[in-house]
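Below, each value reflects all heavy atoms present in this structure, side chains not excepted, and no hydrogens, waters or symmetry copies. Each chain gets a letter, A, B and so on, in the order its sequence line appears, and its residues count up from 1.
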2 protein chains.
Amino acid sequence: MSRPTIADIARRAGVSKGAVSFALNGRPGVSEDTRARILAVAEEMNWRPHSVARALGGARADSVGLVIARPARTLGVEPFFAKLLSGLQAGLSAHSITLQLMIVEDVQEEIRVYRRWASEQRVDGLILVDLRTRDPRIDVVDELLLPAVVVGGPGRHGNLCSVWADDREAMTSIVEYLAALGHKRIAHVAGTPEFRHTQRRTRALRDAANRLGLAGVESLHTDFSDTEGAATTRNLLSRRERPSAIVYDSDLMAVAGLGVAMEMGVSVPGEVSIASFDDSVLTELTHPAITALSRDTYAFGERAALALLDLLADPNAPRDVKTETPRLTVRESTAPWLER
Amino acid sequence: MSRPTIADIARRAGVSKGAVSFALNGRPGVSEDTRARILAVAEEMNWRPHSVARALGGARADSVGLVIARPARTLGVEPFFAKLLSGLQAGLSAHSITLQLMIVEDVQEEIRVYRRWASEQRVDGLILVDLRTRDPRIDVVDELLLPAVVVGGPGRHGNLCSVWADDREAMTSIVEYLAALGHKRIAHVAGTPEFRHTQRRTRALRDAANRLGLAGVESLHTDFSDTEGAATTRNLLSRRERPSAIVYDSDLMAVAGLGVAMEMGVSVPGEVSIASFDDSVLTELTHPAITALSRDTYAFGERAALALLDLLADPNAPRDVKTETPRLTVRESTAPWLER
DNA sequence: GTCCGGAACTATACCGGTTTATCTCCGGTT
DNA sequence: AACCGGAGATAAACCGGTATAGTTCCGGAC
């Protein structure tokens, strides 16, 4: 026999299908004796629930979805996503929940995927990343009644739950550190301006600069790629009035920027200090190693998974989870600035 | 109404459920007029197939599975996997097939996941990575009758299909290049010995060395981590008789090795040449940039996805797909060796 | 005029579970 | 003795599709 069904078990145990269902799901309706007998038979026949059949009755799909709307080719080089993914996975697989992963080109397609998943009841919930200003996904997910966790970025997003770290405080800690070293002209090589996290960091930088009385502070936008990170750095270092320190929004761009500095013969940290907003093995492996804000992205992913599981179990679960603020790991790429 | 079913459409169009099913699936059994009318009604009611219900009838799950058995924490730093994943995704999502991703600790757990997925009919097929010697997964997957594609590694694996690149030829091309530059003592910082690809590369190195008459050639095993890559390099460079060239099995280890050389004051490529078996943005960003075997891992993943789709469509599809052999991209980390 | 065959549909079983209405005991009350 | 309530179990409906066995109807051949 290929695969035993509850009907097979029922026949063998001499009871009805319904009784088997009750017994296997630990619900009342059968005596303890019968329950034990049924469980024994199920065990003996090596029965496994057929999740598809179960789901048809309106039950859980035991699966959550993650759609990433970035060009697939560039994703491979983002350590952040890989780590986040690993963490999410770890959090989910502990509960035997699988992750449906989909990579698409843009937000519109992402929304189409959500609609399809919802209509096919393929997923119980969603993880949303890369929140934008006036993000159209919020309303759609609300409308589809899918429990969802927004990764990164505090605040109310419709009816969604968010898991985030304090970008603002993190940026402030970098600026304060650089200011303490004597830096006054700080450049910020940022990501795409429509992303919320980019905005928060840019604003935090400006506010800290104002408070500390730093005049020559500016943020420059890029698409997060190493290419644009390098180009922007080349630009900055070619100016007559060079910045004395550069803060990069991602480790990939920081490494690319460091490469440009070396190629141009600008010594790091002698002539320019470099810091990264994101940490990974990349920043440790370069020479000089790059000062960076480190956080445990893996644990962050795990936390997001747990938040979603909570939300699935109880729709009234806490809607706002703040995780540890990234802490500055000082390495060799930053040094005191001595005005000449 | 929450979600229209074919029964709703049938009622509205004044036909039976069966007719609707025929019409929506483009099968004979209804006239063109009726088909058009039914399709119009379905469109108007914004009907979507309920994949779960469909799957219950024994149909496809429209989903394939990938289980990676490596410590989740280390995965985040492997550009190879991220790129492979992106490529797979792209190949699959073009056909609206989703990828079920699971990260587990070891092969035994991986096998348990396969059994569960098979028994629950959650996936139509599998992608297998990291093939080992006498891999226990082969028999299990065969037994479960799950169509599967093995990524990397030629040869017959039970009834499975394999998608691979010629590691042997690739390694030969590195060795020949280094030999042509005058290198005689070549060290190979390899991965885990139980992986098939590690074995193939090690053997190819030995064979090429024999053929070219290079005496001081050796392979050293690691766990693929940057830590062990660095430690092994430190070891090699501390010897009295240093190798003149080091070949690393992964880009991550190559970058770590380069870091060690710089830290020890060993100039690259002046005193030691460095080459990597795997390419990614990492090797391009270092200074000096690292000579590496490049291949399009994204396209490789895409190819694997297509092979699996072929296999699903036709169980007699070709069982062995060879992809382009990685080609050597010469950068700054390799130079002629002048015997002193 | 009858019979046959195929096209166009309908009715219904089925997939493997969950859920609900129902049915049967059996002991305890009044 | 008649009635009630609840535990323990069963039969049947249901979820949303697919597959298959029938049923009509119609035109063409004998």
Side-chain angles (χ1 to χ4, degrees), chain A residues 1-39 41-42 45-63 96 116-124, chain B residues 1-39 41-42 45-63 96 116-124:
Chain A
M1 172 151 35
S2 63
R3 158 229 280 283
T5 71
I6 56 167
D8 298 325
I9 299 179
R11 206 173 310 123
R12 183 100 141 234
V15 294
S16 70
K17 272 173 62 179
V20 174
S21 178
F22 289 143
L24 292 171
N25 292 295
R27 321 159 109 274
V30 286
S31 65
E32 281 313 311
D33 284 7
T34 314
R35 182 188 305 277
R37 202 173 74 244
I38 292 173
L39 289 178
V41 174
M45 298 180 80
N46 192 29
W47 175 87
R48 295 297 160 83
H50 189 152
S51 68
V52 166
R54 221 172 224 174
L56 187 53
R60 289 278 151 80
D62 285 337
S63 181
S96 290
R116 207 179 67 225
W117 280 352
S119 77
E120 299 181 354
Q121 280 172 220
R122 256 179 192 286
V123 296
D124 301 323
Chain B
M1 171 150 36
S2 64
R3 159 227 280 282
T5 71
I6 57 166
D8 298 326
I9 298 178
R11 206 172 312 121
R12 184 99 140 234
V15 293
S16 71
K17 271 175 64 180
V20 174
S21 178
F22 289 142
L24 292 172
N25 291 295
R27 317 156 110 275
V30 285
S31 66
E32 282 312 312
D33 283 8
T34 314
R35 182 187 305 278
R37 201 173 75 245
I38 292 174
L39 288 177
V41 173
M45 299 180 79
N46 193 28
W47 175 87
R48 294 300 157 82
H50 190 154
S51 68
V52 166
R54 227 174 218 169
L56 186 53
R60 289 279 149 80
D62 286 335
S63 180
S96 290
R116 207 179 69 225
W117 279 353
S119 77
E120 299 182 354
Q121 280 171 223
R122 253 179 194 287
V123 296
D124 301 322

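- Straight-line distance from the CZ atom of Phe22(B) to the C1' atom of dG17(D): 12 Å, rounded to whole Å.
- In the set dG17(C), dG16(D), dA9(D), the nucleotide with an atom closest to the side chain of Thr5(B) is dG16(D).
- For Asn25(B), whose side chain is taken as the heavy atoms from C-beta onward, the closest listed nucleotide among dG16(C), dT10(D), dT18(D) is dT18(D).
- If you check every strand for non-hydrogen atoms under 4.0 Å, Arg35(B) touches nothing.
- If you measure from atom CD1 of Ile38(B) to atom C1' of dT18(D), you get 15 Å, rounded to the nearest angstrom.
- The phosphate of dT10(D) (OP1 or OP2) has a side-chain N or O of Ser16(A) nearer than 4.0 angstrom.
- Following rounding to the nearest Å, Leu24(B) (CG) and dA19(D) (P) show an atom-to-atom distance of 13 Å.
- With hydrogens and angles left out, the side chain of Lys17(A) and the base of dG17(C) share a donor-acceptor pair within 3.5 Å.
- One interatomic measurement links the two molecules: CZ of Arg11(B) to P of dG17(D), which rounds to 12 Å at whole-angstrom precision.
- Tested against Val15(A), the residues Ile9(A), Ile38(A), Val30(A) include a single side-chain contact (heavy atoms from CB on, under 4.5 Å) partner, Ile38(A).
- Rounded to whole Å, atom P of dA9(D) lies 16 Å from atom CD1 of Ile6(A).
- At a threshold of 4.5 Å between non-hydrogen side-chain atoms, the residues Thr34(A) and Arg37(A) count as touching.
- Note on Ser31(A): every side-chain N or O is 4.0 Å or more away from OP1 and OP2 of dA7(D).
- The side chain of Trp47(A) contributes an N or O atom lying less than 4.0 Å from OP1 or OP2 of dG17(C).
- The distance between atom CD of Glu32(A) and atom C1' of dA9(D), rounded to the nearest whole Å, is 14 Å.
- Residue Val15(B) is in sugar-phosphate contact alone, with no base atom involved, counting any heavy-atom pair closer than 4.0 Å across all strands shown.
- At least one side-chain nitrogen or oxygen of Arg27(A) sits closer than 4.0 Å to the OP1 or OP2 atom of dT19(C).
- Rounded to whole Å, atom P of dA8(C) lies 10 Å from atom CG of Asp33(B).
- Phosphate contact (OP1/OP2 of dA9(D), side-chain N/O of Thr34(A), threshold under 4.0 Å): present.
- Side-chain N/O atoms of Ser21(A) include one lying less than 4.0 angstrom from OP1 or OP2 on dT18(C).
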